Amino acid sequence: LGVAGVAQAQEPLISRQVLPNGLTVLVREDAGAGVVAVSLQVRAGSRFESPATSGITNFLHRAMLRGTNKRTAVQLATSYEDIGGSLDAGGEAEAAEVRGQALARHWETLLGLIAEVALQATLPADEVEKERRLILAQIRARADAPFSLTLDTLLRDLYGAHPYALRNLGRKETIERLTRDDLSAHYRAIYHPERMVLAISGEVPRDRVLGPAERLFGRMARATTPPVDALPAPSGTGDRRVITLSAQQAQIFVGYLVPSLTDPLYPAVRVLGATLGGGMSGRLFVELRDRRGLAYSTGVSTQFRTGPGALIAYLGTAPANAAAAEAGVLSELERARSTPITADELTRAKAYVRGQLSMDRRTNARHAWYLSYFEVVGAGWDFPERLSSAIDAVTVADVTRAAERYLTRPTVVVLQPATPQR
């Protein structure tokens, strides 16, 4: 076994070990709770898909829960409920996950169920069809929701041919066309141990996990050829688009391409986003909601992306205020380029980012996800701690440099409620 070391400076301790076949095992032992959570992630997702395969990773993982060599879907549900737990799976942009939780004394049983779903799924044809119908319903619901429709439209305009433009649910026409054989072939292509990370968090003995993990996953074979990772560049053309939908509010989204999570300026971009949209002290909230009454809701979103990221400002407003609200958002974004933030704004924004990182890891399930996700995407399981330290070191000049470099050529999507027919 290749042992990469144990983090001694943290409580609870986290161990990282690598099985001979390349699968990484991370264990966070936390005696403070009588539960355990497991996150098994594989490097796959919409970032590696195309319009012809859009949604296949999520579809596959949803179908994997529908039965194994040992159990039907109902028997599987009964098994995890018997140990006071849950089991779920799905695909996102950068990774796909099989995850579960249970009472701590059943950690080994939970680990076995996770391995069973990941390695012995049978993809029954009738169950695949059930899952197809559910996913198609989710796609329809997303297209009918003003916020998600506006966001999805913005991402398509912002990223163009880059796969970050694709949603993890996929496209209707693709989900309708994919066959069980397509799902099986995709499984064989992505499920190799060197692309996988197993993370466990909770009341679990670190020194006892590796044996069961190797017994369950040690026979997996490495891939014979490395994955190809050549992606087209995102467009980010700076276009403005207006769409219509039956809705009560207008939605205004403004997006910019920003660097990946490994870029030296990424911490400054996160602080910049918090300065603009970090809770009730963000510039957008203070100026557009409090002072001018132009927003029902507003904020700024950033993601953890290994490729070009996005900083997205959004605002919901009354249809009659849409023009003024759009002008106000763009004005505040431009002001971030022309007017350096204050020392007080910097302090609040840094505290907001660090607080969000901590608050999002309040449960063992989220701890397991963070460990597994950042390890499988290549950033390292301790990335959140390193990012928090880098946030501490961000200066006003860093934020100004990030704003000047990245808040250019905004891509804008406005959803204007459709006029009722008379």
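Keep in mind that the numbers below use all heavy atoms, side chains included, and drop hydrogens, waters and symmetry copies. Predicted, not measured: the structure shown is a model, and the values here were computed from it.
- In summary, the side chains of Arg28 and Asn364 do present a donor paired with an acceptor at a separation below 3.5 Å, with no hydrogens or angles considered.
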How far apart are the C-alpha atoms of Asp239 and Arg241, what are their side-chain angles, what is the distance that settles it, and do they pass the salt bridge (charged side-chain N to carboxylate O under 4.0 Å, His left out) test?
CA-CA 7 Å; Asp239 293 337; Arg241 182 190 300 269; over 6 Å; no
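- Listed for the Arg62 side chain is no donor-acceptor partner under 3.5 Å among the backbone atoms of Phe59.
- Aromatic ring orientation, Tyr159 versus Tyr164: perpendicular (interplanar angle above 60°, classes split at 30° and 60°).
- Side chain to side chain, Ser79 and Asp82 fail the donor-acceptor criterion of an N or O pair below 3.5 Å.
- Of all the heavy atoms in Pro212 and Trp107, the pair that sits closest is CG-CH2, 3.9 Å.
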Carefully, step by step, assess Arg167 and Leu155 under the rule side-chain contact (heavy atoms from CB on, under 4.5 Å).
CA-CA 9 Å; Arg167 303 308 300 169; Leu155 291 174; 2.7 Å; yes
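- Summarising the local packing, CZ of Arg222 is surrounded by more than 12 heavy atoms from other residues, nucleotides or ligands at distances under 6.0 Å.
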Take Arg283 and Ile341 through the side-chain contact (heavy atoms from CB on, under 4.5 Å) test and state the conclusion after the steps.
CA-CA 10 Å; Arg283 287 185 175 187; Ile341 65 173; 3.8 Å; yes
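- For the residue pair Ser46 and Pro163, the shortest heavy atom distance occurs at O-CB, 3.4 Å.
- The shortest heavy-atom contact between Leu87 and Tyr80 is CB-CD2, 3.4 Å.
- A donor-acceptor pair under 3.5 Å is formed between the side chain of Arg386 and the backbone N or O of Ala379.
- Separating the CG atom in Leu288 from the CD atom in Glu332 is a distance of 5.5 Å, to the nearest 0.5 Å.
- Under a 4.0 Å N-O distance rule, the pair Glu49/Arg171 does not qualify as a salt bridge.
- Side chain of Glu194 to backbone of Ala223: a donor-acceptor contact under 3.5 angstrom is found.
- No side-chain donor-acceptor contact under 3.5 Å links Thr150 to the backbone of Val413.
- The pair Glu385-Arg361 counts as a salt bridge, with a side-chain nitrogen and a carboxylate oxygen less than 4.0 angstrom apart.
- Between Val98 and Met196 the shortest side-chain heavy-atom distance does not fall below 4.5 Å.
- The side-chain heavy atoms of Tyr406 and Leu311, taken from C-beta on, include no pair separated by under 4.5 Å.
- A distance of 11.0 Å separates OG1 of Thr302 from CG of Leu276, quoted to the nearest 0.5 Å.
- Remark: Arg270 is positioned above the aromatic ring of Phe304, its terminal NZ or CZ atom under 6.0 angstrom from the ring centre and at most 45 degrees off the axis.
- Taking both residues in full, the closest heavy atoms of Val18 and Arg16 are given as CG2-NH1, 3.7 Å, listed atom of the first, atom of the second, then distance.
- Residues Phe383 and Tyr373 keep their aromatic ring centres 6.0 Å or farther apart.
- Side-chain contact between Leu346 and Val271 is present, with heavy atoms from C-beta onward closer than 4.5 Å.
- Checking side-chain atoms of Thr53 against main-chain N and O of Ser50 turns up a donor-acceptor pair under 3.5 Å.
- Residues Val117 and Leu40 fail the side-chain proximity criterion, which asks for heavy atoms closer than 4.5 Å.
- Counting heavy atoms from C-beta outward, Arg133 and Glu129 have side chains that approach closer than 4.5 Å.
- No option in Arg43, Gln41, Arg305, Gln303 other than Arg43 meets the side chain to side chain donor-acceptor pair (under 3.5 Å) test with Glu94.
- Residue Glu131 holds its CD atom at 10.0 Å from CG of Leu136, rounded to the nearest 0.5 Å.
- Arg132 places a side-chain N or O within donor-acceptor distance of the main-chain N or O of Leu178, the cut-off being under 3.5 Å.
- Remark: the backbone N or O of Thr57 is paired with a side-chain donor or acceptor of His61 at under 3.5 angstrom.
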After noting the C-alpha distance and the side-chain angles of Thr179 and Asp182, does the key distance pass the side chain to side chain donor-acceptor pair (under 3.5 Å) rule?
CA-CA 5 Å; Thr179 66; Asp182 293 329; 3.1 Å; yes
Set out, in order, the CA-CA distance, both residues' side-chain angles and the distance that settles side-chain contact (heavy atoms from CB on, under 4.5 Å) for Gln251 and Phe147, then state yes or no.
CA-CA 7 Å; Gln251 300 288 333; Phe147 187 94; 3.9 Å; yes
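- Leu76 CG to Arg66 CZ: the interatomic distance, rounded to the nearest 0.5 Å, is 11.0 Å.
- Side-chain polar atoms of Thr395 and Asp398 form a donor-acceptor pair below 3.5 angstrom.
- Electrostatic pairing of Arg348 and Glu345 does not count as a salt bridge here, judged by no charged N lying under 4.0 Å from a carboxylate O.
- The shortest side-chain heavy-atom distance between Leu333 and Pro410 does not fall under the 4.5 Å cut-off.
- Within the 4.5 Å cutoff, no side-chain heavy atoms of Phe217 are placed close to those of Pro193.
- A side chain to side chain contact (heavy atoms under 4.5 Å, CB included) with Leu110 is found for one member of Val35, Val36, Val204 and no other, namely Val36.
- In terms of the side-chain hydrogen bond (donor to acceptor under 3.5 Å, both in side chains) criterion, residue partners of Tyr370 (sequence neighbours excluded) are, by chain and number, Asp360.
- Judged purely by distance below 3.5 Å, without hydrogens or angles, the side chains of Ser372 and Arg99 never pair a donor atom with an acceptor atom.
- Atom CD1 of Ile83 and atom CG of Leu113 lie 5.5 Å apart (nearest 0.5 Å).
- Residues Leu272 and Leu407 form a side-chain contact, since some pair of their non-hydrogen atoms from C-beta on lies under 4.5 Å apart.
- Remark: the backbone N or O of Gly91 is paired with a side-chain donor or acceptor of Asn168 at under 3.5 angstrom.
- In plain terms, the two heavy atoms of Met220 and Asn21 that are nearest each other are O-ND2, 3.2 Å.
- The two residues Ala310 and Leu158 come nearest to each other via the heavy atoms CB-CD2, 3.7 Å.
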Worked verdict on Lys172 versus Glu176 for salt bridge (charged side-chain N to carboxylate O under 4.0 Å, His left out)
CA-CA 6 Å; Lys172 173 180 178 291; Glu176 289 175 337; 2.8 Å; yes
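- Counting only distance, with no hydrogens or angles, the side chain of Thr317 and the backbone of Leu294 share a donor-acceptor pair below 3.5 Å.
- Of the inter-residue distances, the one linking Thr68 atom OG1 with Leu65 atom CG reads 10.5 Å to the nearest 0.5 angstrom.
- Within a 6.0 Å sphere centred on CD of Glu173, other residues, nucleotides and ligands contribute more than 12 heavy atoms.
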Go through it in stages, so that I can follow the logic: the residues are Glu92 and Glu97, the test is side-chain contact (heavy atoms from CB on, under 4.5 Å), and I'd like the CA-CA distance, side-chain angles, deciding distance and then a yes or no.
CA-CA 8 Å; Glu92 297 295 338; Glu97 180 186 35; over 6 Å; no
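- With Leu415 as reference, Leu245 is the one residue of Ile252, Thr153, Leu245, Val242 to meet the side chain to side chain contact (heavy atoms under 4.5 Å, CB included) rule.
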